[in-house]
Amino acid sequence: MIESVKSTVVAGKLKKIEGVVQEALDDGATPDEILESMSVAMDEIGAAFQKNEIYVPEMLVAAKTMQRGVGVIRPLMGGDSIGKYGKYLIGTVSGDLHDIGKNLVAMMIESAGFEVIDLGVDVPAEKFVEAIKNDPDIHLVGLSALLTTTMDAMRETVKAINESGVRDQVKIMVGGAPITQAFCDEIGADAYTPDAASAAEKARELATA
Ligand code: B12
C-alpha cells in the first residue's frame with residue numbers, strides 16, 4: 001500500500017493521491033512513513049529530471065500531487081499546543097521557488113509547539129530582516145534553498161540579518177537539498193538539519209537552550 005503512495009506521486013496522479021494516502025493509513029501506515037515515501041518519490045522525480053527523462057511540467061505535477069497527499073496527513077500530525085515555544089519565521093530564499101520541503105518543515109515545527117510565520121518563496125533578505133525587526137517574539141528563523149544557485153542568496157540573507165542589528169534576537173537554521181553542515185558553518189548560521197523531523201527537534205533544543 002505504501003508503495004502505491006510513492007508510485008502515485010511519481011506518476012503525478014493528482015486525482016488519485018488522496019484516496020491512495022487514505023488507503024495506506026487504513027492499512028496501518030504511519031503519517032511519517034507516508035511522508036518518507038513521498039519524499040523518496042520526489043528524489044526519483046529529481047533524478048529522472050536530471051537525466052532528461054522528464055521535464056519541468058512533470059516535476060510540477062509530481063510536486064502538486066505530493067502537496068495534496070500531505071494535505072491528507074496534515075490533520076493527523078497533531079502535536080503540542082501552538083506557540084508554546086514561541087514564534088518561528090520561515091521562508092525560501094530569494095530566487096528560489098521550491099516550497100515542499102519548507103512547508104513540511106513548517107508543518108513539523110508547528111506540531112512541535114511553535115507559532116509559524118511563513119513568508120513563502122522567493123523571499124528577499126530585507127523581508128526576513130523586516131519581519132524580525134517588527135516582531136521581538138521571533139527567536140528562530142528557518143531558511144530553505146533547493147538550488148545550488150540560490151545558496152548565495154542564503155548566505156546574503158544571513159549576512160543581512162547579521163548586519164541589521166537583530167542577530168542577537170534570533171538563531172538561524174538552514175536546510176534544503178544542497179545545504180550541508182559545512183555550508184551552514186561557512187555562512188555563520190546556527191544549525192543545519194537534513195530533514196523536517198530533525199528540524200523540529202533542533203528548533204525545540206534551540207528554543208529551550
Ligand atoms: C519539485 C521540484 C521542482 C518544482 C517545485 C514545486 C514546489 N512547489 O516546490 C518546480 C517544477 C517548480 C521546480 C522548478 C525548478 N527546479 Co526543481 N526540483 C524539484 C524536485 C524534483 C523535488 C524537490 C522537493 O520538493 N523535494 C521533496 C522535499 C520534501 O524535500 P526537500 O525540498 O529537500 O526538503 C527537505 C530537506 O531538504 C529539509 N529542508 C528543506 N528546507 C529546509 C529548511 C530548514 C530551515 C531546514 C532545517 C530543513 C529544510 O527538510 C525537508 C523535509 O524533510 C527536486 C529534486 C530533489 N531531489 O530535490 C528538483 C531540483 C531541486 N530542481 C532543480 C532545478 C534545476 C529546477 C529548475 C531550475 C528547472 C528549470 N529548468 O526551470 C527550476 C527552478 C525554479 C526556481 N527558481 O526555484 C534541480 C536543482 C539542481 C541544482 N543543483 O541546483 C533539482 C535538484 C532536480 C535535479 N536533480 O536536477 N522544481
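When a ligand or atom number is given, it counts from 1 through the structure's own listing order.
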Residues Phe183 and Arg155: closest non-hydrogen pair is CE1-NH2, 3.7 Å
In one Ile/Leu/Val/Met/Phe/Trp/Tyr side-chain cluster, 4.5 Å: Ile138, Tyr88 = no
Lys13 backbone acceptor or donor facing Thr8 side chain under 3.5 Å | no
Just distance, no hydrogens or angles: give the donor-acceptor pairs under 3.5 Å from side chains in residues 48-58, sequence neighbours left out.
unit_1: Tyr55; atom_1: OH; unit_2: Asn52; atom_2: O; d: 3.3
unit_1: Glu58; atom_1: OE1; unit_2: Tyr55; atom_2: N; d: 3.1

Sub-3.5 Å N/O-N/O distance, Asp99 and ligand 1 = yes
Contact region, Ala196 to ligand 1, non-hydrogen atoms below 4.0 Å, reads both
With only distance considered, is Gly142 within less than 3.5 Å of ligand 1 through an N or O on each side?
-> no
Heavy-atom proximity to atom 37 (O) of ligand 1 ranks first, among Gly176, Ala203, Gly101, for Gly176
A student checking ligand 1 against Gly95 at a 4.0 Å heavy-atom cut-off should list atoms 76 (C), 77 (N), 78 (O)
For atom 13 (C) of ligand 1, state whether the nearest protein heavy atom is under 4.0 Å away.
-> yes
Among Val174, Val105, Leu97, Thr148, the residue with a heavy atom nearest to atom 84 (O) of ligand 1 is Thr148
Over all atoms of both residues, closest heavy-atom pair of Leu206 and Lys171 = CD2-CD, 4.1 Å
Under 4.0 Å from one or more heavy atoms of Leu143, ligand 1 contributes atoms 43 (C), 44 (C), 45 (C)
If we only count N/O pairs under 3.5 Å, is Thr149 in contact with ligand 1?
-> no
Everything protein-side that's N, O or S and under 2.8 Å from atom 17 (Co) of ligand 1: list it, residue and atom.
-> His98 NE2
Ligand 1 atoms in contact with Ile45 (distance to a heavy atom under 4.0 Å) | 21 (C)
Please check if a non-hydrogen protein atom sits closer than 4.0 Å to atom 21 (C) of ligand 1.
-> yes
According to a 4.5 Å side-chain heavy-atom criterion applied to Ile, Leu, Val, Met, Phe, Trp and Tyr, with indirect links allowed, do Leu143 and Val116 form part of one hydrophobic cluster?
-> no
Note: ligand 1 atoms sitting under 4.0 Å from heavy atoms of Ser144 are 40 (C), 41 (N), 42 (C), 43 (C)
Is Asp43 in polar range of ligand 1, meaning some N or O pair under 3.5 Å apart?
-> yes
Per-atom contacts, ligand 1 versus Gln50 - under 4.0 Å to a heavy atom | 89 (N), 90 (O)
Compare Gly175, Ser198, Ala199, Cys184 and give the one whose heavy atom is closest to atom 42 (C) of ligand 1.
-> Gly175
Member of Val166, Val158, Val170, Val123 meeting the side-chain contact (heavy atoms from CB on, under 4.5 Å) criterion with Phe128 = Val123
